Amino acid sequence: MNLLTQMEQSISKMPEQYKNMSHDELNHLITSIKQNLGNDLFLPGHHYQKEEVMNHADARGDSLQLAQLSANTTAKHIVFCGVHFMAETADILSEDHQSVYLPDLRAGCSMADMADIKQTKVAWEELMKLFGDTILPMTYVNSTAAIKSFVGQHGGTTVTSSNAKRVMDWAFTQKERLLFLPDQHLGRNTAYDLGIPLDQMAVWDPILETLIYEGNLTDIKVILWKGHCSVHENFTEHNIQQVREQHQDMAIIVHPECRREVVELSDYNGSTKYIIDTIEGAPSGSKWAIGTEMNLVKRLIKENPDKEIISLNPHMCPCLTMNRIDLAHLAWCLDSINQGLPVNQIKVNEDVSYYSKLALDRMLSL
Ligand code: 13P
Ligand code: SF4
């Protein structure tokens with residue numbers, strides 16, 4: 001069954017009873033099921049999840065932390081409060097007797113959707129013609145299991161924003177050049193930080209099936225897939241200029257999924273974990289404009305009342321797909337497990353899982 005069919009079924013299937021319950025009733029139901037399932041249940045929550053859901057999470061983390069926790073939990077049921085690729089990763093890293101569920105199957109990721117396996121194979125074939133066997137593929141974990149599997153099969157690895165520099169450094173010990181999927185901005189920002197000049201980076205356009213580059217092909221060190229995060233692309237140079245004009249003593253910190261120009265103009269950049277650690281460790285009274293997902297920015301504002309914190313873009317919204325996980329879907333998913341008729345299981349097929357695990361294990365061992 002393809003993802004679209006699964007999504008449609010999920011939308012139509014959530015019984016009215018959960019939609020009609022109050023927040024108090026849903027909270028009560030979730031808490032009592034969690035008590036009943038005890039250690040059989042693990043409920044990880046990504047930092048971009050909304051507050052009502054995070055209140056029930058057993059662990060909070062960024063993509064790397066949640067991948068590590070999923071590899072180590074012994075719980076029978078993993079109810080993943082995050083997006084589809086994260087639940088797939090949890091399924092790949094967990095044991096056969098464990099099952100992974102995503103409370104709302106519509107919780108995808110627009111960036112992961114910008115690279116599919118057919119496009120990846122076409123790109124690879126064309127790039128092999130141009131460069132021969134000189135390229136190592138690597139993929140941001142924000143990608144489908146099929147792409148992780150392709151990368152694993154070709155000697156490559158996955159990467160998250162927390163370990164991107166370390167993993168890319170390793171990748172250059174393996175091959176002369178890299179293909180980085182699917183986020184051109186994380187790829188560009190990371191390679192730049194490692195000292196690769198922008199004029200040694202090309203872009204692969206999967207729609208036009210073309211390599212975008214002006215110069216001598218032999219100079220290319222990194223081929224960036226033309227994908228991006230639709231949330232982080234909303235931070236602009238104009239936002240930075242406005243903060244600089246209106247708050248002279250405010251520091252600007254952004255996620256490396258932001259465009260190069262934005263990262264360059266900011267004071268600090270780093271993964272979700274880096275942003276959280278920096279804000280939590282900052283002195284009382286310090287002032288921050290943050291360029292990342294809005295649910296996280298709101299939480300940082302709430303949990304750091306001694307600091308002045310704003311979103312770098314005053315009109316920013318939460319990530320819509322992360323936000324699909326709500327109390328009603330969480331209650332429905334948990335209730336279905338509790339009653340022995342689970343819904344929304346995420347199961348990666350065995351072949352794909354084998355090679356994806358190779359790519360993930362390579363990353364986790366670095
Ligand atoms: P990290 O959790 O790796 O920082 O990724 C951010 C993100 O966009 C997750 O979808
Ligand atoms: Fe995908 Fe961006 Fe949302 Fe993360 S924040 S899930 S990369 S769309």
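From a predicted model like this one, the values you see are computed outputs, not experimental measurements. These numbers come from the heavy atoms of this one structure, side chains and all, not from hydrogens, waters or symmetry mates. In each ligand, atom 1 is the first atom listed, and ligand 1 is the first ligand listed.
Among all heavy-atom pairs drawn from Asn234 and Asn313, the shortest one is O-ND2, 2.9 Å. Scanning all heavy atoms of the two residues, the minimum distance from Ile92 to Ala145 falls at CD1-CB, 4.0 Å.
Taking a cut-off of under 4.0 Å to the non-hydrogen atoms of His46, the atoms of ligand 1 that pass are 2 (O), 9 (C). Proximity to Met86 (heavy-atom distance under 4.0 Å) selects the following atoms of ligand 1: 9 (C), 10 (O). Near Asp62, meaning under 4.0 Å from any of its heavy atoms, are these atoms of ligand 1: 2 (O). Within the listing of ligand 1, atoms 3 (O), 5 (O), 6 (C) sit less than 4.0 angstrom from a heavy atom of Tyr140. Proximity to Tyr48 (heavy-atom distance under 4.0 Å) selects the following atoms of ligand 2: 5 (S).
Between His232 and Phe235, the two ring planes are tilted [angle within 30° to 60°]. Ring orientation note: the planes of His77 and Tyr101 are tilted relative to one another, at an angle of 30° to 60°.
Side-chain heavy atoms closer than 4.5 Å link hydrophobic residues (I, L, V, M, F, W, Y) into clusters, and following such links, even through other members, never connects Met114 to Phe150.
Ion pair Lys302/Glu51 flagged as a salt bridge, since at least one NZ, NE, NH1 or NH2 atom sits closer than 4.0 Å to an Asp/Glu carboxylate oxygen. Between Asp326 and Lys19, no side-chain nitrogen of the basic residue sits less than 4.0 Å from a carboxylate oxygen of the acidic one, so the salt-bridge criterion is not met. Between Asp193 and Lys165 a salt bridge is recorded (basic side-chain N to carboxylate O distance below 4.0 Å).
Evaluated by nearest non-hydrogen atom to atom 3 (O) of ligand 1, the leading choice among Cys109, Ala67, Cys319, Ser161 is Ser161.
Neither the backbone nor the side chain of Lys273 comes within 4.0 Å of ligand 1, counting heavy atoms alone. Neither the backbone nor the side chain of Met111 has any atom closer than 4.0 Å to an atom of ligand 1 (non-hydrogen atoms only). By the criterion of a heavy-atom distance under 4.0 Å, the side chain of Asn142, and not its backbone, is placed next to ligand 1. Residue-level proximity to ligand 1 for Tyr274 is absent, since no heavy atom of it falls below 4.0 angstrom. Counting heavy atoms under 4.0 Å from ligand 1, residue His47 does not touch it at all.
The N/O atoms of Thr160, backbone and side chain alike, include none that comes under 3.5 Å of an N/O atom in ligand 1. Residue Ser162 has no nitrogen or oxygen atom sitting less than 3.5 Å from a nitrogen or oxygen atom of ligand 1, judged on distance alone.
The backbone N or O of Leu69 sits nowhere less than 3.5 Å from a side-chain atom of Thr73 that would complete a donor-acceptor pair. In this structure, Lys221 contributes its side chain and Glu176 its backbone to a donor-acceptor pair below 3.5 Å.
Below the 2.8 Å limit, atom 2 (Fe) of ligand 2 has as protein N, O or S neighbours Cys229 SG.
Among protein heavy atoms, the minimum distance from atom 8 (O) of ligand 1 is reached at Glu257 OE2, 2.9 Å. Of the protein's non-hydrogen atoms, Thr272 OG1, 2.5 Å is the one closest to atom 4 (O) of ligand 1. Nearest to atom 6 (C) of ligand 1 among the protein's heavy atoms is Tyr48 OH, 3.4 Å.
In this structure, Trp225 has its ring center at least 6.0 angstrom away from the ring center of Tyr140.
The only option from Asp335, Asp58, Asp40 that meets the salt bridge (charged side-chain N to carboxylate O under 4.0 Å, His left out) definition with Lys34 turns out to be Asp58.
The closest side-chain donor-acceptor pair between Asn189 and Asn269, if any, does not fall under 3.5 angstrom.
Looking at residues two or more places apart in sequence or on another chain, you find no salt bridge (Lys or Arg N to Asp or Glu O under 4.0 Å) involving Glu52.
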